Amino acid sequence: MEDIKSLLPDELKSFMVSLGQPSYRGSQVFSWLHKHLVYSFDDMTNLPLGLRKRLGETAFITSLNILSRTEGRKGTVKYLMETYDKNAVEAVRMEYKYGITACLSTQVGCKMACSFCASGQSGFIRNLTTSEIVDQALKIQKDVSRFSSDIGNIVLMGTGEPLDNYEASVKALRLFNAKEGLGISFRRMAVSTCGLVPGIRRLAEEGIPVTLSISLHAATDDLRDKLMPINRRYPIPELLDAAAFYRERTGRRVTFEYTVIQDVNDSPACARQLAKLLQGQMAHVNLIPFNPIDEREFVRPTIHRMNTFQKILEEASIPTTVRRDLGLDVHAACGQLRPRYCR
Ligand code: SF4
């Protein structure tokens, strides 16, 4: 059976031709799936009845089941969605001044075991398929279309490491970009990585200028080794080389995410080390106050510590923003809803 929601427009045309149909049927089906958000071949009313029946026999339409929908402040909604094999994945909808952003998961669990992350604690179960990544956004789109809104931005920052599920993640981005579907510009998409250097270099050559967001969280290898085991494999100098390569190839400035944890990486000395490290990198730093999780004793920093940290970076001419705290009340740090549901 063909996983039809995973097919790019050209692949869908080829699939239609393989069924003895004209290729334009591929564009029609693509629009039904990705623009009109239809979940049954029977509802594709501009297809001949015989073709609808044939599609039902040869293909399936991935549809995640929304288990829960938790509304937070300022338009944030966290969705828990169930896959066909009863795994739960999470996706978050955020409303900003510039439109709706869908934050999607790429794996069930995660192998990377970052010490401050709830997903890292529950281990890895499996990669999501392309259609499972895509359907998270389509379910959100279906939800927001009740209010005549559209998703304008996609970020792969939910559970999982997108570059550890490279093919499915990149193909999902291409599907979001297709004009027959959501038609979202690559410049309005972001991929977040904990620092898989080969994946960053590969993405740089993909020809899709998405924003690369690197989870740095520490400015020295000693501290980063403790917080993020991946650093022992790809230490900071290699990571910064890969970031520079990404910038050269895509012309896009790289964002460095820095989760600020009290008494771990929030001192003025840490801020000065970070400023020194990123000097001349044309980098942008996004400071994220730590979102407390049950499994760890880490603590959220005070506003005063956050402000001091930001000021030191800005004085060193490193553009810095503090992530608007949309997530705390819906447990939107990655991985935080799923373990709650599972317990
Ligand atoms: S922070 Fe990201 S890469 Fe690290 S364990 Fe969590 S989901 Fe995985």
Side-chain angles (χ1 to χ4, degrees), residues 78-81 83 87-92 102-128 132-133 136 154-166 168-170 172 190-200 202-203 210-218 221 223-236 238-239 242-243 254-261 264-265 285-298 300 323 327-328 330-342:
K78 185 151 186 170
Y79 300 83
L80 190 66
M81 303 188 192
T83 60
N87 280 305
V89 296
E90 53 204 353
V92 182
C103 174
L104 312 177
S105 295
T106 52
Q107 297 179 316
V108 185
C110 185
K111 295 175 201 162
M112 302 300 152
C114 301
S115 60
F116 49 83
C117 171
S119 302
Q121 315 312 310
S122 34
F124 175 74
I125 297 174
R126 71 168 174 86
N127 281 330
L128 292 176
E132 287 170 334
I133 299 170
Q136 293 168 57
I154 296 280
V155 296
L156 301 186
M157 288 188 185
T159 303
E161 162 56 55
L163 300 183
D164 187 45
N165 185 14
Y166 188 93
S169 298
V170 167
V191 172
S192 174
T193 178
C194 65
L196 293 189
V197 164
I200 293 172
R202 189 174 167 195
L203 190 65
V210 297
T211 300
L212 179 68
S213 180
I214 294 178
S215 297
L216 192 60
H217 308 315
D221 281 325
L223 180 56
R224 199 164 189 269
D225 280 353
K226 291 188 190 114
L227 294 176
M228 305 178 74
I230 192 68
N231 197 66
R232 292 177 213 142
R233 192 145 163 218
Y234 304 114
I236 290 174
E238 268 187 55
L239 182 54
V254 174
T255 297
F256 290 90
E257 307 280 342
Y258 192 99
T259 297
V260 188
I261 309 170
V264 173
N265 64 359
V285 173
N286 194 12
L287 297 176
I288 309 159
F290 177 69
N291 228 359
I293 58 173
D294 294 345
E295 293 86 342
R296 281 287 183 266
E297 286 155 14
F298 292 143
R300 188 178 180 81
R323 185 183 288 178
L328 191 61
V330 286
H331 305 287
C334 64
Q336 288 197 337
L337 189 58
R338 199 180 58 80
R340 280 169 187 275
Y341 167 77
C342 291

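Just so you know, ligand 1 is whichever comes first in the structure, and atom 1 is the first atom listed for that ligand. In this text the structure is predicted, and so the values were computed from the model without any measurement.
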* Asked: Measuring to atom 4 (Fe) of ligand 1, does Cys114 have an N/O/S atom at a distance below 2.8 Å?
  -> yes
* Structure fact -> With heavy atoms and a 4.0 Å threshold, my read on which part of Ala113 contacts ligand 1 is backbone
* Asked: When you measure from the side chain of Tyr258 to the backbone N and O of Asn265, does any donor-acceptor pair fall under 3.5 Å?
  -> yes
* To do: Look at the side chain of Asn286 and the backbone N and O of Thr255, then say whether any donor-acceptor pair between them is shorter than 3.5 Å.
  => no
* Asked: Is there an N/O/S atom in Cys110 that lies less than 2.8 Å from atom 8 (Fe) of ligand 1?
  -> yes
* **Residue pair Gln107, Thr159: steps toward the side chain to side chain donor-acceptor pair (under 3.5 Å) verdict** => CA-CA 6 Å; Gln107 297 179 316; Thr159 303; over 6 Å; no
* Does even one non-hydrogen atom of Ser215 get within less than 4.0 Å of ligand 1? -> no
* Asked: Of the options Arg224, Glu238, Lys226, which is the one that meets Asn231 in a side-chain hydrogen bond (donor to acceptor under 3.5 Å, both in side chains)?
  -> Arg224
* Under 2.8 Å from atom 6 (Fe) of ligand 1, is there an N/O/S atom belonging to Cys117? -> yes
Report, in ascending order of atom number, the atoms of ligand 1 lying under 4.0 Å from any heavy atom of [X].
X: Met112; result: 3 (S), 8 (Fe)
X: Cys194; result: 3 (S)
X: Gly160; result: 7 (S)

* **Side-chain heavy-atom pair Val210, Leu156 within 4.5 angstrom cut-off** => no
* Short side-chain donor-acceptor distance under 3.5 Å, Glu161 and Thr106 -> no
